[in-house]
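Supplied in structure tokens, the structure appears directly below.
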There are 2 protein chains.
Amino acid sequence: MSQAETKDSLKSRGLRLTRQRKILLELIDGSGKHLDAEQLYQMAQKIDPKLNRVTVYRTLKMLKQGGLVDELDLMHQKGDQHFYETRLKGEHAHIICLRCGRVEEFFGDPLQKLRKQVEAHFGFEILITRTEIGGYCSHCQRLRSREFEDVRDSAERPRRKTAKEALD
Amino acid sequence: MSQAETKDSLKSRGLRLTRQRKILLELIDGSGKHLDAEQLYQMAQKIDPKLNRVTVYRTLKMLKQGGLVDELDLMHQKGDQHFYETRLKGEHAHIICLRCGRVEEFFGDPLQKLRKQVEAHFGFEILITRTEIGGYCSHCQRLRSREFEDVRDSAERPRRKTAKEALD
DNA sequence: GTTAGTGCAAACCTTTTGCAGCTCT
DNA sequence: AGAGCTGCAAAAGGTTTGCACTAAC
């Protein structure tokens, strides 16, 4: 969304385009990554050291409610925080590798079909959708099978992880 | 999943089927609802008053990692906690009404097609999927438009919500 | 008997709230 | 002028951790 459109969107709801909001909007629009509140806060502070973490949270909440950004969980692979992206690109799913953390985006007709079927089937008015898929990317599949072989071929007794270790 | 299958699944990983875990498994399997850790804790405590909240969290984490339950966010409509359901039913999406909180489940071929396309397109090995759709159910769409008319037709001046109120 | 699991208390991380003062329009 | 916004401090909500004791196998 252009700066001008965003400005209009805020104005029309009686909201103000403050110095802090300008900084945060540029960071979200410009980064092209999925940033969480803490990352945004760190980046914003380099521009305006007085900008408070609370302002970041309040701004994100406002942008989310205004439909200007989407909130992601990314399968909570890194923790329980939320990530944000603009609504510029069309609807897409997020594919998260549970080993290396890499995130891919998938645009494809199943997402549109799902949307249409849900609207038709339930008479539902859709405002937000979130599709997240967790597993192993092709690269990590190879690494995992090699790790597995290493354990079996190892000179050490191929001890299985204790249950406690497995939980960590 | 039957009690026996679950037992095997735990045993094969060197995990124990304790009194506390039996209670929690029955609650999750039996309820048919999407329960969060706190609800499970409250229910479990009625059966065993000494069962600790921490045990609930540890058990859920273990079941999730073992692929015995799925974790849901339900669009964080009620807060930032997680909800849980067994993996008995096939893959499905959750449709959450942002007004009344009602949750519907949608089973349909777009979900399978999405899965296949992602596997084919990225060579991805899928372990978990989560599709959540937020909006208004047909019932709440009607209520909302009525509420809106009420405001316009009201004898009071049709004041718009202040921005502060809108955020609450 | 050994190792996994539990309960308790305390810590942790992320996010929200109350309030006085500041700033955009 | 006046409503909206910010910063600060403090609290809240949900979840995890360290450790000594207990129970499953």
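In the text below, chain A, chain B and the rest are named by the order of the sequence lines, each starting its count at 1.
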Which nucleotide sits closest to the side chain of Thr18(B): dC5(D), dA24(D), dA4(C)?
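Between dC5(D), dA24(D), dA4(C), the one nearest the side chain of Thr18(B) would be dA24(D).
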
Name the closest nucleotide to the Val54(B) side chain, picking from dT15(C), dA9(D), dA9(C).
dA9(C)

Measure the distance from CG on Asp73(A) to C1' on dG14(D) and round it to the nearest whole Å.
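Atom-to-atom, Asp73(A) to dG14(D), this comes out as 14 Å.
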
Length of the line joining Arg13(B):CZ and dC25(D):C1', which is rounded to integer Å:
17 Å

Between the base of dG7(D) and the side chain of Arg58(A), is there a donor and acceptor pair under 3.5 angstrom?
yes

Report, as yes or no, whether the 6.0 Å neighbourhood of atom CZ on Arg87(A) holds more than 12 heavy atoms from other residues, nucleotides or ligands.
yes

In whole angstroms, the gap separating C1' of dT16(C) from NE2 of His76(B) amounts to 15 Å

From the set dT15(C), dC24(C), dA23(D), return the single nucleotide nearest to any side-chain atom of Arg16(B).
dA23(D)

I want to verify a distance call: between dT15(D), dT6(C), dT6(D), whose nearest atom is closest to the His82(B) side chain?
dT15(D)

I want to confirm an ordering. Mapping Asp80(A) and Thr55(A) to their closest nucleotides on DNA chain D, which one lands closer to the 5' end?
Thr55(A)

For Leu51(B) and dA23(D), give me the distance from atom CG to atom P, rounded to whole Å.
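After rounding, the reported distance stands at 14 Å.
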
Would you check, one step at a time, whether the test side-chain hydrogen bond (donor to acceptor under 3.5 Å, both in side chains) holds for Thr59(B) with Gln20(B)?
CA-CA 9 Å; Thr59(B) 302; Gln20(B) 292 89 335; over 6 Å; no

How many whole angstroms separate atom CD1 of Ile23(A) from atom C1' of dC5(D)?
14 Å

Using a distance-only test with no angle check, is there a side-chain donor-acceptor pair under 3.5 angstrom linking Glu132(A) and His76(A)?
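No.
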
Expressed as a whole number of angstroms, how long is the span from Asp48(B):CG to dC8(C):C1'?
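So the two atoms are 15 Å apart, to the nearest Å.
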
Should we count NZ of Lys89(A) as having more than 12 external heavy atoms under 6.0 Å?
yes

Would you find a donor on one side and an acceptor on the other, under 3.5 Å apart, between the side chain of Arg21(A) and the backbone of Arg16(A)?
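Judged by distance alone, yes, a pair lies under 3.5 Å.
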
How many Å lie between NZ on Lys78(B) and P on dG14(D), as a whole number?
12 Å

For dC8(C) and Asn52(B) - does any side-chain N or O of the residue sit under 4.0 Å from the phosphate oxygens OP1/OP2?
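Indeed, a polar side-chain atom of Asn52(B) lies that close.
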
Tyr57(B) side-chain N/O to dT16(D) phosphate OP1/OP2 under 4.0 Å:
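Result: no.
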
Taking only the side-chain nitrogens and oxygens of Gln20(A), find out if one of them lies under 4.0 Å from OP1 or OP2 of dG7(D).
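The answer is yes; a side-chain N or O of Gln20(A) sits under 4.0 Å from OP1 or OP2.
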
Taking only side-chain N and O atoms of Lys50(A), does any of them lie within less than 4.0 angstrom of OP1 or OP2 on dC8(D)?
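For dC8(D), OP1/OP2 do have a side-chain N/O of Lys50(A) under 4.0 Å.
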
Checking only heavy atoms, does the side chain of Arg19(B) share a donor-acceptor pair with the base of dA24(D) at less than 3.5 Å?
no

Round to the nearest Å and state the distance from Met62(B) atom CE to dT6(C) atom P.
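About 8 Å, once rounded to whole Å.
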
For Glu38(A), answer base if it contacts any base atom (sugar-phosphate contacts may also be present), sugar-phosphate if it contacts only those atoms, and nothing otherwise; contact means non-hydrogen atoms under 4.0 Å.
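Nothing, no heavy atom under 4.0 Å.
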
